[in-house]
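Structure first, commentary second.
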Amino acid sequence: DAGVTQSPTHLIKTRGQQVTLRCSPISGHKSVSWYQQVLGQGPQFIFQYYEKEERGRGNFPDRFSARQFPNYSSELNVNALLLGDSALYLCASSRDSALSLEAFFGQGTRLTVV
Amino acid sequence: TQLLEQSPQFLSIQEGENLTVYCNSSSVFSSLQWYRQEPGEGPVLLVTVVTGGEVKKLKRLTFQFGDARKDSSLHITAAQPGDTGLYLCAGARDSNYQLIWGAGTKLIIKP
């Protein structure tokens, strides 16, 4: 089975632009979470989606939005990019049951804002 | 406020030495997971511990979940350069379905 796939792998954007990142979860996984990871730090939770509905949101501004599609894939959108948005954006999928919260991560999208 | 505190934040040791990293909280977790992340890659799940006092071994890595399910440790015996990476712990609570993450321990094993 394919693991979590994210696209693109690398992206360079200019301040003020908008970006869309994509994620396909592992087959059978219904929950997708998005994380922002700055170099040398742990992942910071942005969103969690389950069955197309937002289940949780981290401490990120409204410039960040996401959605989940019927096939459980997901997109993360960031508007009005700032230099500080430069980071590795990680998508994780999980089966989403009480004892199956293990998160399986994609390789991430490295976003550089210049 | 970091709900899961990892220590040390950074550790650099020689190949062959032993080490322990810690993951502590004042909250009770239903399960706790350890991940290892290499530069430019996503974190990879190493182990999940569920029962208080549980010990799991993965080759030279030993994971322990505290009796009260508030803390965990990762012990590496005879560390090797291939163990270098960022070690992250993440906890799950019965009250919701989200993982709570520590900030990570950056481990460097020098040949």
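The figures that follow rest on heavy atoms only: side chains count, while hydrogens, waters and symmetry mates do not. Chain letters run A, B, ... following the sequence lines, proteins first, then strands; residues in each count from 1.
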* Residue part contacting chain B, namely of Q37(A), when any heavy atom lies under 4.5 Å -> side chain

* Flag the one option from G108(A), C91(A), P43(A) with the top tally of heavy-atom pairs under 4.5 Å to chain B. => P43(A)

* **Within one Ile-Leu-Val-Met-Phe-Trp-Tyr cluster: L19(B) and F63(B), side-chain cutoff 4.5 Å** => yes

* To do: Flag yes if Y87(B) and L4(B) sit in one hydrophobic cluster, no otherwise; membership is Ile, Leu, Val, Met, Phe, Trp, Tyr, and two members link when side-chain heavy atoms are under 4.5 Å apart.
  => yes

* Asked: Are F47(A) and Y50(A) co-members of a hydrophobic cluster defined by side-chain heavy atoms under 4.5 Å apart?
  -> no

* Hey, any chance F60(A) and Y35(A) share a hydrophobic cluster, counting ILVMFWY side chains that come within less than 4.5 Å of each other, even indirectly? -> no

* Is there a donor-acceptor contact under 3.5 Å from the side chain of Y35(B) to the main chain of F104(A)? -> no

* Asked: Do other residues, nucleotides or ligands put more than 12 heavy atoms under 6.0 Å from the CD1 atom of I12(A)?
  -> no

* Asked: Taking non-hydrogen atoms and a cut-off under 4.5 angstrom, which of residues 36-43 of chain B neighbour chain A?
  -> Q37(B), G40(B), E41(B), G42(B), P43(B)

* Asked: If you group Ile, Leu, Val, Met, Phe, Trp and Tyr by side-chain heavy-atom gaps below 4.5 Å, do V44(B) and I26(A) land in one group?
  -> no

* Only pairs at least two apart or in different chains count here, so list each side-chain hydrogen bond (donor to acceptor under 3.5 Å, both in side chains) that has a residue in residues 57-66 of chain B. => R60(B)-D83(B)

